[in-house]
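Proteins come first, then strands; the chains are lettered A, B, ... in the order of their sequence lines, and each starts at number 1.
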Protein chains: 2
Amino acid sequence: MEPSSPEVAAAPALPVESGLHARVLEHLGTAICGGELAPGSVLNIDELVDRYAVSRSVVREVLRVLASIGFIEARRRVGVMIRPASAWNVFDPQVIRWRLASAGRMAQLRSITELRTAVEPHAAFLAASRIGRDEASDLVGLAAKMWAAGEAGDEERFLHLDIEFHRRVLLASGNEMFVRLQDLVAEVLTGRHKHHLMPHHPHEQALQMHADVAQAIQRRDGERARQAMVQLMEQAFDEMKSLWEQTAPPHRSA
Amino acid sequence: MEPSSPEVAAAPALPVESGLHARVLEHLGTAICGGELAPGSVLNIDELVDRYAVSRSVVREVLRVLASIGFIEARRRVGVMIRPASAWNVFDPQVIRWRLASAGRMAQLRSITELRTAVEPHAAFLAASRIGRDEASDLVGLAAKMWAAGEAGDEERFLHLDIEFHRRVLLASGNEMFVRLQDLVAEVLTGRHKHHLMPHHPHEQALQMHADVAQAIQRRDGERARQAMVQLMEQAFDEMKSLWEQTAPPHRSA
DNA sequence: AGATGCAAATGATATGATCTTTGGGTGGAA
DNA sequence: TTCCACCCAAAGATCATATCATTTGCATCT
């Protein structure tokens, strides 16, 4: 086994969270994200106790969590009211997971892609001045492996390397908030893959740009790293755009 | 009352949330953010029941919420373990509030400022293509009021206008995730103000740049809007930098 | 019409019991 | 001695029930 080589970390793969609390939370969260429970509609605790055949404790704990992410608001004498999407904590990983599994999936992908477009170039810029020697070497190595996988047409491997590459850039940015976006990026890339948006062989340009980003970061050239990442984002954005233009209608109000 | 003029919206000012749940949550959240409860240390429910003199219902509901933001992990036969900061949902508004009130305040301000630097320029770019006619007019008007307040040396009013300006740009970006960052921006600006980082009279340049951003957005010139916002961010970043260089030591590991 | 007060509805909190999981100890086998 | 299967008590998870507190609709009073 390679000692400290830039290998692909296996996805954590959360263990399905059994337990009544998790089950009810999952069900309600999905229902709200999916619009099955429209904003403004009202539930009450006893009703939920019956519907899910669990105790009040479980229901109340779930409701507290839902309230903390802005999904609901409990009011005495009224019940539990579903709040509009504008109140949701759209950065909560759970919310993102639920939305990616719902009908609003394309809207979510679009939001995240725009966020990436804003954040990743700056992350690359910061990484150039904060990354350690070894990490920089690994990054360059990772870009090389991506090139190899791309040439070989190994889409699966390319995807994992791609995720790992962006993950490491965010990590090297040294900003805790950027770091937390790595899961979102992984989701977007995986989503893109699942919809066969990955061109059969990744664009030659994309491969080169990953290499450029890595090299610029290693050379501590923040501006060049940013520029290269911007180009990467533009390409990724175009691919995404074709995705949601084919799936979703135009898009919302604007 | 002015019909639809770009007036400053009064801050919502959350109503202090009384109730046992809120009190205990607040206390524990603050303690964890403040490092009084170190990662790895273990609590147990009955202990908390005693310490806060509340029922288990309340404690359990609080723990569920804390678990959902990654602060703790409950394990049978062990107790409730405090998780390391790397597991926290650093985008959760509550977490941000707690951290801004803790010793890690400067680190939090730094993270958010970097995030702003990444996001706001892109938000301005997107706003240029998505903003409505009236909103654009309001934005320009707001920049004009900022100029007036700056000239008059009315720091208080300038702060509110500044917050409102950035809020509207994020809103006009049409990206739900960007919109959710408005509270963070408000926190940063307020924090800067409280530490007397606002130069007595705002820099002439800053005033001009706000006007540039507004105008570029109205003219639907995304690139120019982005550029102007980048300059604004650079200046804001410099001000912040002097703030945390005077308060915090160097900064962490890197 | 408007103020006032009562009472039902519903969430908030308290309490005690039982179920389930699991870390650690124990004893026997290799 | 070392290791592993097994057992038990500790602590969270869930349940059931009771009481408290607040809000709101409505009837009543002025």
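Going from atom CZ of B/R60 over to atom C1' of C/dT15 covers 14 Å, rounded to whole Å. B/E47 has its CD atom 10 Å from the P atom of D/dA11, to the nearest Å. The distance between atom CG of A/D46 and atom P of C/dA8, rounded to the nearest whole Å, is 17 Å. Across the protein-nucleic acid pair, A/E73 atom CD and D/dT23 atom C1' stand 14 Å apart, rounded to whole Å. We find that CG of A/L43 is positioned 13 Å from C1' of C/dT10, with the value rounded to whole Å. The CG-P distance, from A/L48 to C/dG11, rounds to 9 Å in whole Å. When the P atom of D/dG12 is taken as reference, atom CD of A/E61 falls 13 Å away, rounded to whole Å. Taking atom CG of B/L20 as the reference point, atom C1' of D/dA21 lies 11 Å away to the nearest angstrom.
When the nucleotides C/dT10, C/dA14, D/dT24 are ranked by their closest atom to the side chain of A/N44, C/dT10 comes out on top. With distances taken from any side-chain atom of A/V80 to the nucleotides C/dT13, D/dT14, C/dG11, the minimum falls on C/dG11. For A/R76, taking side-chain heavy atoms from C-beta onward, the closest of the listed nucleotides C/dT13, D/dA21, C/dG23 is D/dA21. Comparing C/dT13, D/dA13, C/dG11 by their nearest atom to the side chain of B/S55 picks out C/dT13. Nearest to the side-chain atoms of B/S57 among the listed nucleotides C/dG23, C/dA14, D/dT14 stands C/dA14.
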- Task: Decide side-chain contact (heavy atoms from CB on, under 4.5 Å) for A/F178 and A/L126; before the verdict, give the C-alpha distance in whole Å, the side-chain angles of both, and the deciding distance to 0.1 Å.
- Result: CA-CA 11 Å; A/F178 291 1; A/L126 293 176; 3.8 Å; yes
Report task. Given side-chain contact (heavy atoms from CB on, under 4.5 Å), test A/E135 with A/L171 step by step and report yes or no. Result -> CA-CA 10 Å; A/E135 297 153 280; A/L171 215 51; over 6 Å; no
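An OP1 or OP2 oxygen of C/dT13 is reached within less than 4.0 angstrom by a side-chain nitrogen or oxygen of A/R64. Regarding contacts with the backbone of C/dT22, every side-chain N or O of B/R75 stays at 4.0 angstrom or more from both OP1 and OP2.
Of the two residues near DNA chain C, A/V78 and B/V54, the one whose nearest nucleotide lies more 5' is A/V78.
A donor and an acceptor atom never sit less than 3.5 Å apart when one is taken from the side chain of B/R56 and the other from the base of D/dG12. Taking only distance into account, the side chain of B/R77 meets the base of D/dA9 through a donor-acceptor pair shorter than 3.5 Å.
Of all the heavy atoms in B/E176 and A/A107, the pair that sits closest is OE2-O, 4.1 Å.
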